[in-house]
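Beneath this line is the structure, given in structure tokens, with notes to follow.
Letters go in sequence order (proteins before strands), and every chain restarts at 1. None of the values given here were measured: they were computed from a predicted structure.
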Protein chains: 2
Amino acid sequence: MTERQAAEEPTTGLRERKKQRTRDALLRVALELFTTRGYEHTTVDEIADAVEVSQRTFFRYFASKEEVAFAVQEMVESRFVAELLTRPARERPFTAMRNAVLCSWSSIGEAIEAVVPVELHMRTYLMIESTPALLAAHLRRSTELEERTARIIADREGLDLDADPRPRIAVAAFTGVMRVTGRLWGQGEDTSMESIRALTELYLDHLEPALAADWRAPERTPGAPGAHGV
Amino acid sequence: MTERQAAEEPTTGLRERKKQRTRDALLRVALELFTTRGYEHTTVDEIADAVEVSQRTFFRYFASKEEVAFAVQEMVESRFVAELLTRPARERPFTAMRNAVLCSWSSIGEAIEAVVPVELHMRTYLMIESTPALLAAHLRRSTELEERTARIIADREGLDLDADPRPRIAVAAFTGVMRVTGRLWGQGEDTSMESIRALTELYLDHLEPALAADWRAPERTPGAPGAHGV
DNA sequence: ACGCTAATGTCAGCGACTGACAGTTGACAA
DNA sequence: TTGTCAACTGTCAGTCGCTGACATTAGCGT
């Protein structure tokens with residue numbers, strides 16, 4: 001169930017290879033069906049039938065219909081966490097998170113392609129964002145990642161997460177921007193990875209000024225009055 | 001189905017009154033069962049049986065088992081929106097949102113009590129936060145409210161929501177903090193309304209400094225170097 | 001070749017939810 | 001008062017996601 005990567009033995013035995021092939025097939029077929037006829041209009045039976053296994057077998061590989069939709073997303077997230085852990089200590093929290101996403105996106109392409117076409121994953125992301133039930137699940141998963149991230153940031157800065165609210169606050173703001181970015185990207189025309197990368201960079205670099213500036217002033221007013229801001 | 005409030009005629013006919021009573025009974029019983037034996041361990045049949053109606057009737061009042069869990073939350077949210085719309089134009093976006101939540105909480109008590117005991121609603125909120133399926137739904141609902149809020153803020157400031165990212169960014173940061181606040185409140189001991197109110201006030205007023213300050217400095221460093229911040 | 005065990009299939013069943021149809025009951029007019 | 005209409009409700013059958021139990025198949029090491 002939880003085997004990650006042998007990474008050395010390509011021939012791990014026929015049994016393992018068969019399992020891997022079944023899993024991949026279920027995943028690929030499921031995403032293909034979801035993105036074409038829609039998540040709700042795809043039954044687990046149809047997925048299982050297409051791969052020629054029983055419905056019961058599907059549920060032995062994926063705990064739910066939902067889980068298969070997030071299988072690739074799962075990979076991307078763990079990549080982000082790994083990247084964040086290796087960020088130099090000199091970077092400030094927000095900068096470290098910013099760079100971690102951007103860097104992880106630079107190397108994730110091939111890892112995805114080993115399982116499903118990247119283009120299919122992009123379509124899957126759009127499907128998740130536009131399917132209420134999946135959007136809900138996506139948001140919940142995001143908060144879990146958010147918690148992990150806050151813990152990492154707190155460790156980085158040598159802070160006590162239970163006593164100091166600042167890590168959680170900064171992470172909340174960060175992921176909030178990430179979510180908005182993802183949604184806007186989905187609404188736009190350009191569904192490329194370069195597109196979402198550029199959008200993310202732009203928005204993240206906009207957050208702090210947006211919170212501090214007086215919106216009614218024509219442009220940046222460094223010495224603005226009101227201490228309360230925004 | 002969507003009758004809100006006649007607010008004038010107390011005698012709206014026997015039929016209407018019966019419907020209202022059935023709905024209220026279903027709601028109260030459902031929340032009571034959810035909060036005692038748990039959401040997942042409560043079946044729709046049990047709710048319907050307790051009110052002595054058929055399961056089919058339950059689904060004529062509530063589109064899903066989920067919906068009944070959020071019925072009161074629904075009221076609270078629309079109260080916040082109403083409050084936000086009446087905020088004086090002189091207040092800055094973040095301040096307006098801050099005051100809208102705090103003010104709406106001051107007057108929501110009686111409105112809730114008309115349907116279910118406030119204490120039951122508090123327990124319901126805790127249940128939502130600790131039930132994965134409901135937490136997911138809660139987050140999705142929050143983003144919908146977030147979108148409405150962003151639109152209101154944009155109108156207030158005379159900005160084009162589709163062209164200017166700042167309203168969405170500020171709202172995202174705001175609701176991010178609200179979410180964290182709610183979760184921490186749920187983890188604490190004090191489940192009173194005063195408690196969550198104080199926590200919210202504290203955290204909201206912490207957001208901007210937390211983003212701008214250098215965490216490694218002993219305390220506030222107004223003239224900090226690095227322009228990128230956080 | 002032969003057990004052992006993991007992987008799979010089959011079957012029965014629960015719970016959320018829906019459509020269709022029939023029965024009941026307020027509302028309103030004659 | 002009565003009767004008609006429309007709204008509300010109950011019943012039933014069926015779909016779909018998901019699970020436990022048990023039998024069957026098929027790699028694996030000896």
* Which whole-number value in Å describes the distance from A:Gln20 CD to C:dA6 C1'? -> 16 Å

* **Whole-Å gap separating C1' (C:dA16) and CZ (B:Phe34)** => 12 Å

* To do: With the side chain of B:Thr57 defined as its heavy atoms from C-beta on, choose the nearest nucleotide among C:dT18, D:dT9, C:dT10.
  => D:dT9

* Report the nucleotide, chosen from D:dC8, C:dA7, D:dC18, that has the shortest atom-to-atom distance to any side-chain atom of A:Lys19. => C:dA7

* Within this structure, what is the CZ-to-P distance between B:Phe62 and C:dA16, rounded to whole angstrom? -> 15 Å

* Asked: Could you give the CZ-to-C1' distance, from A:Phe58 to C:dG9, as a whole number of Å?
  -> 16 Å

* A:Lys18 vs D:dG27: side-chain N/O to OP1/OP2 distance below 4.0 Å -> yes

* Reckon A:Ser54 touches a base, only the sugar-phosphate, or nothing at all at heavy-atom distances under 4.0 Å? -> base

* Consider only side-chain N and O atoms of B:Ser192 and B:Asp190, and report whether a donor and an acceptor are under 3.5 Å apart. => yes

* Asked: Rounded to the Å, how far apart are B:Leu26 CG and D:dC8 P?
  -> 14 Å

* A:Val53, nearest nucleotide to its side chain (from C:dG9, D:dG17, D:dC8) -> C:dG9

* Any idea how B:Phe70 and B:His138 line up, ring-wise: parallel (<30°), tilted (30 to 60°), or perpendicular (>60°)? -> parallel

* Between C:dA7 and A:Tyr61, is there an OP1 or OP2 to side-chain N/O distance shorter than 4.0 Å? -> no

* Asked: Nearest to the side chain of B:Arg60 - C:dA20, D:dG20, C:dA16?
  -> C:dA20

* Asked: Between atom CD in A:Glu46 and atom C1' in D:dG17, what is the gap in whole Å?
  -> 13 Å

* **Nucleotide nearest A:Phe59 (side chain, heavy atoms from C-beta), chosen from D:dG17, D:dA21, C:dA6** => D:dG17

* Asked: Salt bridge between B:Glu147 and A:Arg183, side-chain N to carboxylate O under 4.0 Å?
  -> yes

* Over how many whole Å does the gap from A:Arg56 atom CZ to C:dC11 atom P extend? -> 14 Å

* Before accepting this row, confirm whether a basic side-chain N of the pair B:Arg141/B:Glu77 lies closer than 4.0 Å to the acidic partner's carboxylate O. => yes

* Asked: Under 4.0 angstrom, heavy atoms only, what part of the nucleic acid is A:Thr43 near: base, sugar-phosphate, or nothing?
  -> sugar-phosphate

* With a 3.5 Å cut-off and just heavy-atom distances, do the side chain of A:Arg17 and the base of D:dG27 make a donor-acceptor pair? -> no

* Would B:Arg79 and B:Glu83 pass as an ion pair if we require N to O under 4.0 Å? -> no

* Starting at atom CD of A:Gln55, determine the distance to atom P of D:dT15, rounded to an integer number of angstrom. => 14 Å

* To do: Select from B:Arg15 and B:Val44 the residue whose nearest nucleotide in DNA chain C is closer to the 5' end of that strand.
  => B:Val44

